[in-house]
Every structure is written in structure tokens, then in C-alpha cells.
Trainee: 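Would you mind keeping the following structure in view while I ask a few things?
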Amino acid sequence: MSKLTTCVLITGTVGSGKTSTAYAIGRRLRDSLVPHAVIDLDELRRCWPAPPDDQFNTALEAENLRSVAANYRRAGAMRLVVAGVVEGAGALQRYSEALGFPVVLVRLRVDLCLVRERLVERHEPGEERDWYLNRSGQLDGILDEENAASITIDVSDEPLDRVAQRVLSAINWA
């Protein structure tokens with residue numbers, strides 16, 4: 001088993017590019033021959049229906065994250081790159097506990113007009129798209145208020161590879 005050295009969790013509002021950035025970081029780590037794994041939190045909690053008292057399936061997400069992170073560490077990953085929304089009191093600590101390692105939280109801040117353009121492109125018109133459009137501004141405000149990120153990077157319309165490089169530099173992985 002390799003020694004895990006660092007975990008980074010990329011957060012931001014819906015449509016901010018969290019998952020795309022995480023995968024771009026993964027490509028850079030692969031190109032540098034760094035053993036790593038990329039984890040998309042959305043996929044770890046994708047189960048329907050969610051319990052009435054846990055709308056976003058956070059309990060299932062934490063349980064799955066604990067198992068997946070341990071498996072990746074056993075497989076030799078030295079770095080974990082995680083993408084997802086970190087919201088609410090104690091959330092960062094819960095993620096750190098589930099990952100089994102301290103986490104550097106990096107928030108991607110994107111102009112809400114651009115976020116909304118992305119969401120309109122990503123989702124068909126209707127209830128789901130309306131939910132995401134409303135949630136983007138609401139979540140952005142929540143993340144501003146909580147101010148939990150160690151590092152915030154204003155990225156707006158930068159190319160994805162540049163965003164990945166900025167994150168890597170900010171966390172001293174570059």
C-alpha cells in the first residue's frame with residue numbers, strides 16, 4: 001500500500017466546473033506519473049429515492065466515500081482528487097473523516113451568468129433545469145457565507161487546463 005500524501009476537494013456551486021477540473025487535474029497527475037484517483041461525489045450518492053430527512057443522500061455519500069477512498073489507497077493512490085459540493089456545518093470534517101486524511105478545500109468561483117449559461121446548455125428546459133438555475137445562486141450565497149474553503153480561485157471563463165494548473169499550483173502539487 002502506498003502512502004497517501006494529500007487529498008484535495010474541489011467545491012463550488014452547481015455548474016462551476018468542479019468535476020471537469022478534477023478530471024483535468026487527474027490527467028495532469030497521470031502525465032506526471034503520480035499515482036492518484038479522482039472521485040466524483042455526485043456519483044457516490046446517486047440513488048433514488050433519497051431518504052426524506054437526507055435530500056442529498058449525504059449519509060450514503062459518506063459511507064461510499066469511506067469505502068472507495070480506502071480501496072484507492074490500497075490500490076496505490078498517493079493523491080485523491082475529489083469533486084463535490086461542501087455545504088453545511090461540519091461538512092469538511094465529515095469528508096476528512098470519510099477520506100481518512102486531512103483535506104485541502106478549494107472553491108471554484110465562477111460568475112453566475114456563466115454558470116447559468118452552462119446549466120442551460122447542460123439541461124433540457126423544464127423542472128430539473130429550473131431547479132439547477134435556482135440552486136446555483138442559492139448555493140453560491142451559502143458558500144460565500146460559510147467561507148469554509150482554504151483556497152478560493154476565481155476562474156470564470158478560463159480554459160479548463162489553466163484552471164487545473166491554477167489549482168495544482170495553489171495546493172503545491174505543481
Trainee: Are Arg166 and Asp154 close enough for a salt bridge, meaning some N to O gap below 4.0 Å?
Mentor: no
Trainee: Using every non-hydrogen atom in the two residues, find where Leu60 and Cys47 come nearest and quote the distance to one decimal.
Mentor: CD2-CB, 3.5 Å
Trainee: Quick one about Glu63 and Ser67 (side-chain donor to acceptor, distance below 3.5 Å, no hydrogens or angles considered), yes or no?
Mentor: no
Trainee: Compare every heavy atom of Ala77 with every heavy atom of Ala37, then report the nearest pair and how far apart it is.
Mentor: N-CB, 4.1 Å
Trainee: Between Asp144 and Arg109, does at least one N-O distance fall below 4.0 Å, as a salt bridge requires?
Mentor: yes
Trainee: Give the cluster check for Leu119 versus Leu160: same hydrophobic cluster or not, with ILVMFWY residues linked at side-chain heavy-atom distances below 4.5 Å.
Mentor: no
Trainee: Mind checking salt bridge (charged side-chain N to carboxylate O under 4.0 Å, His left out) for Arg28 and listing every partner two or more places apart, or none if nothing turns up?
Mentor: Asp161
Trainee: Can you tell me if Arg135 and Gln138 form a side-chain donor-acceptor pair at under 3.5 Å?
Mentor: yes
Trainee: Should the ring pair Phe56 and Trp131 be called parallel, tilted or perpendicular, given that the plane angle runs from 0 to 90° and is split at 30 and 60?
Mentor: tilted
Trainee: Knowing that exactly one of Leu105, Val81, Ile39 qualifies, which makes a side chain to side chain contact (heavy atoms under 4.5 Å, CB included) with Leu9?
Mentor: Leu105
Trainee: Does Glu43 have any salt bridge (charged side-chain N to carboxylate O under 4.0 Å, His left out) partners at least two apart in sequence or in another chain, and if so, which?
Mentor: Arg46
Trainee: If the condition is side-chain hydrogen bond (donor to acceptor under 3.5 Å, both in side chains), which residues does Arg118 pass it with, not counting sequence neighbours?
Mentor: none
